[in-house]
Participant: 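Below is a structure I'd like to ask you about.
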There are 2 protein chains.
Amino acid sequence: MKRSIEDIRRQELIEGAYRAFLQFGMDGLTTARICKEAGMSPGILSYYFKNKDEVLFWMVRHANRVIMDEVVERMKRASNRWDRLLAIIEGNFPETLFEQNIANAWLSFYVASARDPQLQRLQRLFHRRLASNITSCVDQIMDDESVPRFVATVAILIDGSWLHRAAAHTKTSSVEAIDLIKTQIEHALGTAKMVEMKRIK
Amino acid sequence: MKRSIEDIRRQELIEGAYRAFLQFGMDGLTTARICKEAGMSPGILSYYFKNKDEVLFWMVRHANRVIMDEVVERMKRASNRWDRLLAIIEGNFPETLFEQNIANAWLSFYVASARDPQLQRLQRLFHRRLASNITSCVDQIMDDESVPRFVATVAILIDGSWLHRAAAHTKTSSVEAIDLIKTQIEHALGTAKMVEMKRIK
DNA sequence: CAAAATTTTGTACGCTCATACAATTTTTTG
DNA sequence: CAAAAAATTGTATGAGCGTACAAAATTTTG
């Protein structure tokens, strides 16, 4: 019983923090705001968590899982390597999440993780997962030393597009972002490699 | 006389803020730190500036000018449109500035400008300048409706590479970043367009 | 139902920081 | 050189915040 209520409250606080994060980013996250968003009184946070940083840690994991679920969902439907690569890219730009405030929130996470070792570890983990996913799509169709370069290119295009969305120089839709990246990747790979990717399971 | 000393102090404070910015980003910038970095006592800031935001505003202009000078310098030496495009890209990655702390600092500027209209105006200005520079390189070799797409691609590659440098998933050098972007652009343009760009002044 | 345990509330403390400003020092002026 | 002006110092004030915790409310237990 004790476990249950504790887990529920912790989860509620994490989700409250997540909602506040999407709106205000890491900077706008005060303990008071988190608790209010979770529908509890201000002091409750230090009862269920060691401190605010711990909540933020779990909140970021939660936020990443939301995106990763989108990726995994799409990858399950993919039947060849090219479709898997597309799944990764499309999963990184869900319609409902590719929005200015949210892009800014993620950006603020990058900034915060520069001076917080815990968050930095998370960020590296997220990146390794992405890199490993991309690698698994192309490792059979290019030589080993070309792979990291390609992975970096895709990662830069994805992150760059989110940064671009945050700045909102022009209001880009999720579809446009995906399309731009897809086009770049097609150019980078060339027709031959794409055909091969569609062939291999 | 009065003008002179005032201008000097303001400039010293702006440069102090700039040095602190490179080290700590926008978040680490306290009035005390700015004044200390400029070698003055803490209260001086409110004598020469309305408030901290005003110093930050001028500091960001200063920081951008440092980069823009690199771009302009290289563009002067360029004799055709392709070299001009390269000058823009290379100018955005000076050896001495393409460093993790500095990349993080710029990232924190993006975040800060999300909620500060003044900084937002600056950011848009910087982007328009970049877009206009890139456009002037390619407007004669592609149809009008293709230009914005191309400009967006280059901008995303540049910003994405800085973001990548901030995260430091792998320690990328300025040369490697430039090379990656150059390769992507070559793919995107195709040989024919590149040849044409090298032809036109 | 009463006592004990758990959960929740509200607040007080201490910290960091931007800003204003009185007091002091330095420079200029006549 | 004295008086006035300008520049600089150091600090006080108040706001916003994270955290701890006593008090109150609620739930569980015997």
Side-chain angles (χ1 to χ4, degrees), chain A residues 1-18 20-21 23-60 108-109 111-119, chain B residues 1-21 23-60 105 108-109 111-119:
Chain A
M1 300 303 115
K2 190 203 159 201
R3 272 259 77 85
S4 180
I5 188 80
E6 182 172 333
D7 287 352
I8 290 169
R9 289 289 174 274
R10 283 175 63 102
Q11 196 56 34
E12 283 173 347
L13 283 167
I14 290 166
E15 280 165 18
Y18 176 59
F21 169 72
Q23 276 183 63
F24 307 107
M26 297 288 268
D27 297 342
L29 283 181
T30 66
T31 54
R33 185 124 61 186
I34 293 169
C35 295
K36 187 174 184 180
E37 193 68 44
M40 311 181 199
S41 56
I44 202 71
L45 195 142
S46 43
Y47 184 73
Y48 287 110
F49 288 93
K50 185 154 55 67
N51 53 31
K52 197 181 80 165
D53 284 350
E54 205 194 347
V55 190
L56 294 193
F57 179 84
W58 291 102
M59 180 278 288
V60 171
S108 72
F109 161 67
V111 172
S113 63
R115 310 221 173 257
D116 182 332
Q118 296 275 34
L119 296 182
Chain B
M1 300 301 116
K2 188 204 161 201
R3 273 260 78 84
S4 182
I5 187 80
E6 183 172 333
D7 287 352
I8 289 169
R9 290 289 174 273
R10 283 175 64 101
Q11 195 57 33
E12 283 173 348
L13 283 167
I14 290 167
E15 281 165 16
Y18 177 58
R19 283 191 299 275
F21 169 71
Q23 275 184 64
F24 307 106
M26 297 289 269
D27 297 341
L29 283 180
T30 65
T31 54
R33 184 123 65 186
I34 293 169
C35 295
K36 187 175 183 178
E37 192 69 44
M40 310 182 201
S41 56
I44 201 72
L45 195 143
S46 45
Y47 184 73
Y48 286 110
F49 288 93
K50 185 154 55 67
N51 53 31
K52 197 180 80 162
D53 284 350
E54 204 194 347
V55 190
L56 294 193
F57 179 84
W58 290 102
M59 180 277 288
V60 172
S108 72
F109 160 66
V111 171
S113 63
R115 311 221 171 256
D116 181 332
Q118 296 275 35
L119 295 183

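Chain letters run A, B, ... following the sequence lines, proteins first and then strands; every chain starts at 1.
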Participant: Counting side-chain heavy atoms from C-beta on, which of C:dT9, D:dT8, C:dT19 comes nearest to B:Y48?
Facilitator: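 Output: D:dT8.
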
Participant: Nearest-nucleotide wise, let me know which of B:S46 and A:R9 is further upstream toward the 5' end of DNA chain C.
Facilitator: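 Final value for this comparison: A:R9.
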
Participant: Rounded off to whole Å, could you give me the CD-to-P distance for the A:E12 and C:dT7 pair?
Facilitator: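 Rounded to the whole Å, the gap is 13 Å.
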
Participant: Rounded to whole angstroms, how far apart are CD on A:E6 and P on D:dT27?
Facilitator: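 Checked: the CD to P distance equals 18 Å.
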
Participant: Once you round it to whole Å, what is the distance between P of D:dC17 and CZ of A:F24?
Facilitator: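 So the two atoms are 11 Å apart, to the nearest Å.
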
Participant: Output the distance between atom CZ (B:F57) and atom CG (B:N51), rounded to the nearest 0.5 Å.
Facilitator: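 Output value for this atom pair is 12.0 Å.
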
Participant: Between A:G43 and A:D27, which has a closest nucleotide on DNA chain D that is more 5'?
Facilitator: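 Its nucleotide being nearer the 5' end, the pick is A:D27.
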
Participant: What is the distance, to the nearest angstrom, from the CG atom on A:L56 to the P atom on D:dT19?
Facilitator: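 Rounding to the nearest Å, CG of A:L56 and P of D:dT19 are 9 Å apart.
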
Participant: Among D:dT19, C:dT9, D:dT8, which nucleotide has an atom closest to any side-chain atom of A:N51?
Facilitator: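 Selected nucleotide (nearest to the side chain): D:dT19.
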
Participant: Rounded to whole Å, please give me the gap between CD1 in B:I44 and P in D:dG10.
Facilitator: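 The answer, rounded to whole Å, is 11 Å.
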
Participant: From the set C:dT9, C:dA18, D:dT8, return the single nucleotide nearest to any side-chain atom of A:M40.
Facilitator: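 Side chain of A:M40 sits closest to C:dT9.
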
Participant: With respect to the side chain of A:I5, which nucleotide from C:dT7, D:dT19, D:dG10 is positioned closest?
Facilitator: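 Among the listed nucleotides, the one closest to the side chain of A:I5 is C:dT7.
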
Participant: The test is side-chain contact (heavy atoms from CB on, under 4.5 Å); show your working for B:M26 and B:L119 and say whether it passes.
Facilitator: CA-CA 11 Å; B:M26 297 289 269; B:L119 295 183; 3.5 Å; yes

Participant: Does the side chain of A:Q11 reach to within under 4.5 Å of the side chain of A:D7, using non-hydrogen atoms?
Facilitator: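 The answer is no; the side chains never approach within 4.5 Å.
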
Participant: Can you tell me how far the CG atom of A:L45 sits from the SG atom of A:C35, to the nearest 0.5 Å?
Facilitator: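 So the CG of A:L45 and the SG of A:C35 are separated by 4.5 Å.
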
Participant: Could you work out which one of C:dT9, D:dT9, D:dG18 sits closest to the side chain of A:T30?
Facilitator: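 Within the option list, the nearest is D:dG18.
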
Participant: May I ask you to say what A:T31 touches in the nucleic acid, namely base, sugar-phosphate or nothing, with a heavy-atom cut-off under 4.0 Å?
Facilitator: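 Base contact.
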
Participant: Assess the residue pair A:Y47 and A:L13 against the criterion (side-chain contact (heavy atoms from CB on, under 4.5 Å)); give the C-alpha distance rounded to whole Å, side-chain angles, the decisive distance to 0.1 Å, and a yes or no.
Facilitator: CA-CA 11 Å; A:Y47 184 73; A:L13 283 167; over 6 Å; no

Participant: Looking at every strand, decide which applies to B:F49 at a 4.0 Å heavy-atom threshold: base, sugar-phosphate, or nothing.
Facilitator: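 Answer is nothing: B:F49 stays at 4.0 Å or more from every strand.
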
Participant: Report the distance from atom CZ of B:R10 to atom C1' of D:dA6, rounded to the nearest whole Å.
Facilitator: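 Checked: the CZ to C1' distance equals 17 Å.
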
Participant: Look at the side-chain N and O atoms of B:Y47 and state whether any lies under 4.0 Å from the OP1 or OP2 oxygen of D:dA7.
Facilitator: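 Checking D:dA7 against B:Y47, a side-chain N or O does come within under 4.0 Å of OP1 or OP2.
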
Participant: Atom CG of B:L13 to atom C1' of C:dA18: distance rounded to whole Å?
Facilitator: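 Rounded to whole Å, this separation is 15 Å.
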
Participant: D:dC17 P sits how many Å from A:M26 CE, rounded?
Facilitator: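 The distance from CE of A:M26 to P of D:dC17 comes to 16 Å, rounded to the nearest Å.
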
Participant: Can you figure out which of C:dT19, D:dT11, D:dT8 approaches the side chain of B:P42 most closely?
Facilitator: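 Out of C:dT19, D:dT11, D:dT8, the nucleotide with an atom closest to B:P42's side chain is D:dT11.
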
Participant: Mind checking if A:I34 touches a base, just sugar-phosphate, or nothing, with heavy atoms under 4.0 Å?
Facilitator: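 Nothing, no heavy atom under 4.0 Å.
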
